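Below is one structure, written out as structure tokens, with a few remarks after it.
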Amino acid sequence: MNESHWQRNLAVCFFGAFINIIAMTLVLPFLPVYIEQLGVHGHAAIVQWSGIVYGATFLAGALVAPLWGRLADRFGCKPNLIRASIGMMLTMALIGLAQNVWQLAGIRLLVGLAGGYTSGSYVLVAAQTPKHRSAWALGVLSTGIMAGNLMGPLLGGIMPSLFGIRMTFFVASGFISLNCLATCILIREDRPPRSQAERGTRAAVRGAPAPLGNRKMVLSMLATATLLMVANMSIEPIITVYVQQLVSDIKTVTFVSGLAMSAAALGSIVSASRLGKLADRIGGMKVVTGCLAVSGLLLIPQAFVTAAWQLIGLRFLMGLSLGGLLPCVTALIRHNVPDESVGRVLGYSTSSQYVGQVAGPLFGGFVGGHIGMRYVFLATCVLLLACAAGNALLTPARRQRMPADQAR
């Protein structure tokens, strides 16, 4: 791989994932308002439809992510990114044309089915970056994704007042079209000759299964990706209700809740690339295990805070520890599967994350509603510490540092 090619690929994927995540999340602040404009009335109905419309994208994405990964292995990552860009460009424009809530839900399903630029970026960067730099590169890409998660809701609170709700989706579609153009022109993918790839695929099908250690590692990372999303999404939906117990002025609840959510995202942005670089040096599994343990322990004081500033500070620290997890998980999967299967297995990783994004709010809502808000933090702590312990058991079985020949 030419040195400039993988760095240019990383830059394009960074900004492309940033733009696509903004387009995906800017709807959050005004989704209930848009649903009401489409003819839904009553608080309960609006809340119910908001959950259905928002979750539809993740459900569809979880179903098709392995398919897109498999096709990326067969036809290349660049065509998959172009397909995802075109799909996002068209579906975002269609959201602005929805005439009723059923159409909106259907189009959000199409977003999940036709999109996938972010997961495709992970596949391209993992496959095209030199292995001894992959965790750092994936950390940089993760920084762009988390920055998009931070900026999306902020822009979603500003753009409708400037352009109107429907025009906001057309503006987002226009920016995605620029990203599509950059992907077509600037990304360079180096692939092995087709005959070599086909021989590798046929050998994988008829040959012996992968070593047990590799299979254990991949399955462990898929479980880790799911639990990471469960940990994030079990907390996020209850933060506003939790903050109500910590502030005296009800008018500041939304603002303080936004600060608490943004603090975690900001911490992840700060730490992602640094933890990725650390993983390249000392081994990805050590970073994954350490980050899981620290994140789990930081949840304990969050359950017993007495002031909002304490929660905000702890959420920032937790964001610092969570920032390196997904890049390291992706890098470990990349290092433990054959080159011709990278896209397919990373597609399973994306599906695992989507499963966590759906299961997390259900888990947090059940525990918070039936047991208590503080127990959501404690239950999530137990999950993360159990995951850290399980991954720690794998560490002695396999040396996680890169062999010298791979580093070269």
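For clarity, every value in this text was computed on a predicted model and none was experimentally measured.
- Atom CZ of F170 sits in a crowded spot, with more than 12 heavy atoms from other residues, nucleotides or ligands closer than 6.0 Å.
- Checking side-chain atoms of S273 against main-chain N and O of V140 turns up no donor-acceptor pair under 3.5 Å.
- A donor-acceptor pair is defined here as one N or O able to donate and one able to accept, closer than 3.5 Å; such a pair exists between the side chain of S268 and the backbone of G319.
- Considering CD1 of I176 and CE of M88, their distance stands at 4.0 Å, rounded to 0.5 Å.
- The number of heavy atoms from other shown groups lying within 6.0 Å of NZ (K277) does not exceed 12.
- Taking SG of C77 as the reference point, atom CG of L71 lies at 11.0 Å (rounded to 0.5 Å).
- Few gaps surround CZ on R374; more than 12 heavy atoms of other groups in view lie less than 6.0 Å from it.
- A heavy-atom distance below 4.5 Å is found between the side chains of N391 and M221.
- Of all the heavy atoms in I107 and L94, the pair that sits closest is CD1-O, 3.3 Å.
- Between the side chain of S177 and the backbone N or O of G174, at least one donor-acceptor pair lies under 3.5 Å.
- For the pair F316 and L320, the minimum side-chain heavy-atom distance is below 4.5 Å.
- In this structure, the side chains of V294 and L317 stay at 4.5 Å or more apart for every pair of heavy atoms.
- Taking every heavy atom of both residues into account, Q353 and M229 meet most closely at O-CG, 3.2 Å.
- The shortest distance between side-chain heavy atoms of V111 and I95 falls below 4.5 Å.
- The minimum heavy-atom distance linking L38 with L104 is given by the pair CD1-CD2, 3.7 Å.
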Check: Can T129 and L10 be said to form a side chain to side chain contact (heavy atoms under 4.5 Å, CB included), step by step?
Finding: CA-CA 8 Å; T129 302; L10 175 60; 5.8 Å; no

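- Atoms CG and CD1, from L59 and I52 in turn, are 11.5 Å apart once rounded to the nearest 0.5 Å.
- Evaluated for a side-chain contact (heavy atoms from CB on, under 4.5 Å) with Y117, the options L81, I82, I86, I19 yield exactly one hit, L81.
- Panel note: side chain S142, backbone L138; no donor-acceptor pair is recorded below 3.5 Å.
- Residues L378 and F304 are in side-chain contact: their nearest non-hydrogen atoms beyond the backbone lie under 4.5 Å apart.
- Cation-pi check for R83 over W68 is met; the charged atom lies under 6.0 angstrom from the ring centroid and within 45 degrees of its normal.
- Contact record, Y122 with L326: OH-CB, 4.2 Å, taken as the closest heavy-atom pair.
- Checked by atom type and distance alone, the side chain of N336 never pairs as donor or acceptor with a backbone atom of V218 at under 3.5 Å.
- When atom types are taken as modelled, the side chain of S220 and the backbone of K216 share no donor-acceptor pair closer than 3.5 angstrom.
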Next item on the list: Please step through side chain to side chain contact (heavy atoms under 4.5 Å, CB included) for the pair F363 and T380, ending with a clear verdict.
Entry: CA-CA 9 Å; F363 172 77; T380 306; 3.9 Å; yes

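- With values rounded to the nearest 0.5 angstrom, R8 atom CZ is found 8.0 Å from R188 atom CZ.
- In terms of heavy-atom proximity, G296 sits nearest to C381 at O-SG, 3.1 Å.
- Considering CD1 of I300 and CG of L314, their distance stands at 11.5 Å, rounded to 0.5 Å.
- At least one donor-acceptor pair closer than 3.5 Å links the side chain of T57 to the backbone N or O of R108.
- A donor-acceptor contact shorter than 3.5 Å is absent between the side chain of K286 and the backbone of A279.
- Between Y242 and F377, the ring-plane angle classifies as tilted under the 30° and 60° cut-offs.
- Ring orientation note: the planes of Y34 and F169 are tilted relative to one another, at an angle of 30° to 60°.
- With R274 contributing its side chain and V270 its backbone, the two residues share a donor-acceptor pair below 3.5 Å.
- The backbone N or O of I158 sits less than 3.5 Å from a side-chain atom of S161, completing a donor-acceptor pair.
- When side chains are defined from C-beta on, E189 counts as touching P79, because their heavy atoms get closer than 4.5 Å.
- Residue R70 places its CZ atom among 12 or fewer non-hydrogen atoms of other residues, nucleotides or ligands, all under 6.0 Å distant.
- Atom OG1 of T183 is separated from atom CG of N9 by 10.0 Å, given to the nearest 0.5 angstrom.
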Check: F15 and L178: side chain to side chain contact (heavy atoms under 4.5 Å, CB included), yes or no, with the steps?
Finding: CA-CA 11 Å; F15 289 107; L178 297 177; over 6 Å; no

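- Residues N80 and V123 form no side-chain contact, since every pair of their non-hydrogen atoms from C-beta on lies 4.5 Å or further apart.
- Residues I165 and P160 share a closest heavy-atom pair of CG1-CB, 4.0 Å.
- Side-chain contact between M318 and L384 is present, with at least one heavy-atom pair separated by less than 4.5 Å.
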